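Structure first, commentary second.
For clarity, every value in this text was computed on a predicted model and none was experimentally measured. Residue numbers count from 1 along this sequence. For the numbers below, each heavy atom of this structure counts, side chains included, while hydrogens, waters and symmetry mates do not.
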Amino acid sequence: MLDILSITGPIYIVIALGFLATRCGMFAKNDMRVLGKFVLNFALPALVFNSLSQRTFAEILNPSYLIAYLLGSLLVLATGYFGSIYFANQGPTLATFNAMGMSCSNSGYVGLPILLLIMPEIAGVSLALNMIVENLIITPLLLVMAEQSRGASGHKVLGYALLRLVKNPLIIGLLAGLCVSLFHIRLPEVLTRAVTLFSLASGALSLFVIGGTLVGLPVQGAVRRIFPIVAGKLLLHPLAVLTFILLLPMTGLPPLDPALRKAAVLMAAMPMLSIYTILAQAYGQEDSTSAAMLVTTFFSFFTLSGLLALLH
């Protein structure tokens, strides 16, 4: 158990330091947005590029990982959406963001630092595979659902979402890394060292930002309402992904490598994506999503520690 705490402990210590530094006024909450932009626009794209460019194309594009993670996420998305409508009698907009909270993981800010500690050799590849599923399929689908819930045209929203993806530095870093790997391009050492410097900044800084963004999030009176989201994200999502991983051989697909299997389940067990409350704010759902994010991040310490013990 001490081995597990030595992995999860530093992660949540850094999150707590980010929270305390912002709560005590050393950093303003707006400073976290600036630091978050640095991580999203430079550090994480550099890490993804660095990881992919140093591997063969066959190692990177793993169809078994992509299919298992995608089907598990879609199952949880559908469960969260229809469960909110038919069992909790909630509207389609709130149901959409409940589904987002349950099916979209914080792969970059929390998942990656944990994988860097326990499986550094595949952390970047796992992040890239998750980015493909989450950024190219799950998040655009949920944004279309959110817009349709208030009467907007789904085709226009999908086009806008795809345009944003093309400009996303993470996607650019992912595609650039794939191109270098596919065409066996040898980069100058001065460039690879510069990229490595940026990638090294991603782990601790991303966790610090998460802690700072949790300051001031309301949670009073919302625990019962957000419990299904917390349970769905921390328990149902990793269980769904694991189920489809175990079913892969029945479909004719090759089974996942044990390390990638562990990485996929861990990624699914992370709290929801960091921009969850920002996306929900545009639809008037910031209160419930903020509370869900705070409570999920808190309880993820215990669920991730338990999951790591089981996987170990």
Side-chain angles (χ1 to χ4, degrees), residues 1-24 27 29 32 35-36 39 76 80 98 100-120 123 126-127 130 134 202-220 222-242 262-277 288-312:
M1 191 61 187
L2 289 177
D3 291 341
I4 302 303
L5 290 178
S6 69
I7 296 171
T8 55
I11 299 292
Y12 287 89
I13 287 174
V14 177
I15 292 176
L17 286 174
F19 181 88
L20 292 172
T22 306
R23 184 68 180 270
C24 296
F27 290 90
K29 195 160 184 182
M32 295 299 113
L35 295 175
V39 173
V76 175
N98 289 348
M100 180 181 288
M102 294 169 65
S103 62
C104 292
S105 290
N106 196 333
S107 305
Y109 282 113
V110 182
L112 176 66
I114 288 181
L115 291 187
L116 285 173
L117 284 176
I118 60 174
M119 293 180 288
S126 178
L127 175 64
N130 269 53
E134 293 165 355
S202 60
L205 188 55
S206 62
L207 294 170
F208 192 85
V209 169
I210 283 291
T213 57
L214 294 177
V215 174
L217 297 185
V219 72
Q220 293 89 349
V223 174
R224 173 183 283 186
R225 189 172 71 252
I226 65 175
F227 176 77
I229 305 174
V230 178
K233 183 72 212 67
L234 299 180
L235 302 176
L236 181 60
H237 194 190
L239 182 61
V241 170
L242 176 61
K262 183 186 295 187
V265 175
L266 282 171
M267 282 294 201
M270 300 300 156
M272 60 276 292
L273 71 171
S274 57
I275 59 171
Y276 179 47
T277 57
S288 61
T289 55
S290 297
M293 183 175 173
L294 178 60
V295 176
T296 305
T297 303
F298 173 78
F299 280 106
S300 66
F301 171 77
F302 304 100
T303 56
L304 283 173
S305 298
L307 180 60
L308 282 168
L310 287 174
L311 293 175
H312 183 70

Which heavy atom in G36 sits nearest to a heavy atom in Y109, and how many Å separate them? O-OH, 3.1 Å
One should read off an interatomic distance between L310 CG and S305 OG, to the nearest 0.5 angstrom, of 11.0 Å
Do S300 and Y12 have side-chain N/O donor and acceptor atoms under 3.5 Å apart? yes
Please round to the nearest 0.5 Å and tell me the distance separating atom CD of E134 and atom OG of S103. 9.0 Å
Gap between atom CD1 of I229 and atom OG1 of T289 - 0.5 Å precision: 8.0 Å
Measure across G232 and M102 and return the closest heavy-atom pair with its distance rounded to 0.1 Å. CA-CE, 3.6 Å
Euclidean distance, I118 CD1 relative to L308 CG, rounded to 0.5 Å: 5.0 Å
Testing the basics here: between N130 and S107, what is the closest heavy-atom pair and its distance to 0.1 Å? ND2-OG, 3.1 Å
Atom pair CZ (F208) and CG (L20), whose distance is rounded to the nearest 0.5 Å: 9.5 Å
Measure the CG-CG distance between L239 and L234 for me, rounded to the nearest 0.5 Å. 12.5 Å
Can you classify the ring geometry of F302 versus F298 as parallel (below 30°), tilted (30 to 60°) or perpendicular (above 60°)? perpendicular
Taking atom CZ as the centre, does F299 end up with more than 12 heavy-atom neighbours from other residues, nucleotides or ligands that are less than 6.0 angstrom away? no
Which is it for S105 and K233 under the side-chain contact (heavy atoms from CB on, under 4.5 Å) test, yes or no, and what are the steps along the way? CA-CA 8 Å; S105 290; K233 183 72 212 67; 3.0 Å; yes
Closest non-hydrogen atom pair between P120 and L116, with its separation: CB-O, 3.4 Å
Report yes or no: does K29 contribute a side-chain atom to a donor-acceptor pair with the main-chain N or O of T213 at less than 3.5 Å? yes
What residues form a side chain to side chain contact (heavy atoms under 4.5 Å, CB included) with A240, not counting sequence neighbours? L75, V76
Would you say the side chain of L117 lies within less than 4.5 Å of the side chain of I11, judging by non-hydrogen atoms? yes
In a table with atom names and distances, give each donor-acceptor pair under 3.5 Å that connects a side chain of residues 265-273 to protein atoms at least two apart or in another chain.
none

Could you tell me which residues satisfy side-chain hydrogen bond (donor to acceptor under 3.5 Å, both in side chains) with N98, sequence neighbours excluded, listed by chain and number? S84, Q90
Side-chain contact, heavy-atom cut-off 4.5 Å: L115 with L127? no
